[in-house]
Amino acid sequence: MRRAQVWRWQIPMDAGVVLRERRLKTRDGLFLCLNNGEREGWGEIAPLPGFSHETLDVAQAELLAWAQRWQQHGDNNMSALPSVAFGTSCALAELYDELPQTADYRAAPLCTGDPDALLPVLAAMPGEKVAKVKVGLYEAVRDGMVVNLLLEAIPDLRLRLDANRAWTPLKAQQFAKYVNPAWRDRIAFLEEPCKTREDSRAFARDTGIAIAWDESLREADFAFAAEPGLRAVVIKPTLTGSLQKVREQITTAHALGLTAVISSSIESSLGLTQLARLAAWLTPQTIPGLDTLNLMQAQLLRRWPGSALPCLEKDALEPLL
Ligand SMILES: O=C(O)CCC(=O)c1ccccc1C(=O)O
Ligand SMILES: [Mg+2]
């Protein structure tokens, strides 16, 4: 007997979470639970405002129709909406034991403002030390100082930087000029330095700082290719689509010699722990970019190990199906 259930949820965010120039006051999403006899599988469907093309209401209508078709006929065709395809494919994968339980709960700690706050976190980080710093929010020279400070303070640290296409070629140059040349190879990569891919490629060529594509993966004319200066691709499954599509992208990236970094679209703890399992399974050599739980005020249903945030249970969800 197949049974599908759907819930809607909302979690208050920490004050001051800003995405693409707008404040994100709450994170809103849906859970799907599939049962078949003794088996059970969960998935999260949470389009990210400013990043996903589908709204939550559109995703909800599509998910409810999908869940009813699955329950009545066992249909498991994938939705064209990335968030719905990702969540339904995760639920099916859990149901059929295709998503391994082992997880990679290392998360590259995220620094959006104060580098001093990051130092004790990094000092306590066992094994490979990798952190991610958002750049392009303040002056390029300040970004350069923050990067120098961190790399000088912690000799075995490697940094991932993310400019989210904020820089003109001039600003990007100003940043690069400020970073001690001896430390440039400890920048694992800089995501999307400039507004255009062409300018970002030129930045990599001119500075020797490796770059990564993130936003580019979601552009219609993007194709995976090895290019000089390109080291990594950032894969955000909620914005990508089905597990199958995520796996194909990772396989393609690896075949080209690129690092694939599984990364958060600010999922709840349920979705984040599934991403940690995906990372342990598909990108075992690479620390995933999942340090976003602390942007929220609560966890949902499944706990991220070691998190002190309260964990809300089923009664906090609004049942829809
Ligand atoms: O990649 C990470 O380490 C954290 C996730 C992250 O930075 C992010 C999360 C949601 C939306 C956009 C971004 C981004 O890469 O800018
Ligand atoms: Mg990015």
Side-chain angles (χ1 to χ4, degrees), residues 43 51 78 82-83 85-87 89-90 92-94 96-110 127-132 157-165 184-193 197 200-201 203-205 208-265 267 271-292:
F51 289 80
M78 281 297 119
S83 61
F86 178 62
S89 64
C90 279
L92 288 168
E94 280 199 352
Y96 297 118
D97 262 336
E98 290 164 358
L99 178 59
Q101 289 294 337
T102 311
D104 189 346
Y105 293 116
R106 297 173 304 167
L110 200 54
E128 196 187 336
K129 289 190 202 291
V130 182
K132 173 159 173 175
L157 173 68
R158 281 161 47 87
L159 285 180
R160 297 171 180 172
L161 307 177
D162 189 354
N164 292 112
R165 299 187 164 177
R184 284 185 188 183
D185 62 347
R186 288 170 58 205
I187 298 177
F189 53 76
L190 199 166
E191 286 174 39
E192 306 266 356
R197 265 181 258 157
S200 291
R201 288 188 188 105
F203 170 85
R205 192 172 57 232
I209 295 174
I211 58 168
W213 299 136
D214 175 1
E215 285 85 346
S216 292
L217 270 65
R218 283 155 331 253
E219 290 184 328
D221 63 345
F222 179 81
F224 284 84
E227 320 182 42
L230 176 67
R231 186 165 295 154
V233 289
V234 174
I235 296 179
K236 293 185 165 72
T238 287
L239 309 182
T240 305
S242 69
L243 260 182
Q244 180 61 32
K245 185 165 178 191
V246 168
R247 290 179 69 176
E248 281 166 12
Q249 290 197 348
I250 292 169
T251 306
T252 304
H254 286 169
L256 292 166
L258 299 170
T259 299
V261 184
I262 291 181
S263 177
S264 152
S265 310
E267 289 82 358
L272 278 181
T273 55
Q274 289 182 324
L275 292 174
R277 288 159 63 190
L278 265 184
W281 178 31
L282 302 175
T283 60
Q285 315 295 335
T286 306
I287 297 185
L290 301 178
D291 187 28
T292 57

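Annotation: side chain of Glu192 is in contact with side chain of Ser216 (closest heavy-atom distance under 4.5 Å). Residues Arg160 and Val261 form a side-chain contact, since some pair of their non-hydrogen atoms from C-beta on lies under 4.5 Å apart. Using a 4.5 Å heavy-atom cutoff, the side chains of Leu282 and His254 are not in contact. Between Leu99 and Leu278, some side-chain heavy-atom pair lies under the 4.5 Å cut-off. Using a 4.5 Å heavy-atom cutoff, the side chains of Gln249 and Val233 are not in contact. Contact of the Thr240 side chain with the Leu217 side chain is not registered, since no non-hydrogen atoms from C-beta on lie closer than 4.5 Å. When side chains are defined from C-beta on, Phe189 does not count as touching Leu230, because their heavy atoms never get closer than 4.5 Å. Looking at Met78 and Ser89, their side chains come closer than 4.5 Å, going by heavy atoms from C-beta outward.
Legend: residues meeting side-chain contact (heavy atoms from CB on, under 4.5 Å) with Ala276, ordered by chain and number and at least two apart, are Ala103, Tyr105, Leu290, Trp304. Residues passing the salt bridge (charged side-chain N to carboxylate O under 4.0 Å, His left out) test with Glu227, sequence neighbours excluded: Arg201. Applying the side chain to side chain donor-acceptor pair (under 3.5 Å) criterion to Lys132, with sequence neighbours excluded, gives Asp162, Glu191. Considering only residues two or more places apart in sequence or on other chains, Ala280 meets the side-chain contact (heavy atoms from CB on, under 4.5 Å) condition with Asp104. With sequence neighbours excluded, no residue forms a salt bridge (charged side-chain N to carboxylate O under 4.0 Å, His left out) with Arg231. Here Ser200 pairs with Pro193, Cys194, Ile211, Trp213 under the side-chain contact (heavy atoms from CB on, under 4.5 Å) rule; sequence neighbours left out. Residues passing the side chain to side chain donor-acceptor pair (under 3.5 Å) test with Glu94 are Gln274, Arg277, Arg302, sequence neighbours excluded. With sequence neighbours left out, Thr238 forms a side chain to side chain donor-acceptor pair (under 3.5 Å) with Glu267. For Thr251, there are no side-chain contact (heavy atoms from CB on, under 4.5 Å) partners, not counting sequence neighbours.
Among pairs with a residue in residues 245-256, none fulfils salt bridge (charged side-chain N to carboxylate O under 4.0 Å, His left out), at least two apart in sequence or across chains. Applying the side chain to side chain donor-acceptor pair (under 3.5 Å) test to pairs two or more places apart or on separate chains, those with a residue in residues 278-292 are Ser264-Thr292. Counting only residues at least two apart or on different chains, the salt bridge (charged side-chain N to carboxylate O under 4.0 Å, His left out) pairs with a member in residues 210-223 are Arg20-Glu215, Arg165-Glu219, Arg197-Glu219, Arg197-Asp221, Asp214-Arg218, Asp214-Lys236.
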Open item on the list: With side-chain contact (heavy atoms from CB on, under 4.5 Å) as the criterion, how do Ile209 and Phe203 come out once you've worked through the C-alpha distance, each side chain's angles and the decisive distance to 0.1 Å?
Closed with: CA-CA 8 Å; Ile209 295 174; Phe203 170 85; 4.0 Å; yes
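Remark: Ile187 CD1 to Leu157 CG distance equals 10.5 Å, nearest 0.5 Å.
When all heavy atoms of Ala188 and Ala210 are compared, the pair lying nearest together is O-CB, 3.8 Å. Scanning all heavy atoms of the two residues, the minimum distance from Gly43 to Cys90 falls at CA-CB, 4.3 Å.
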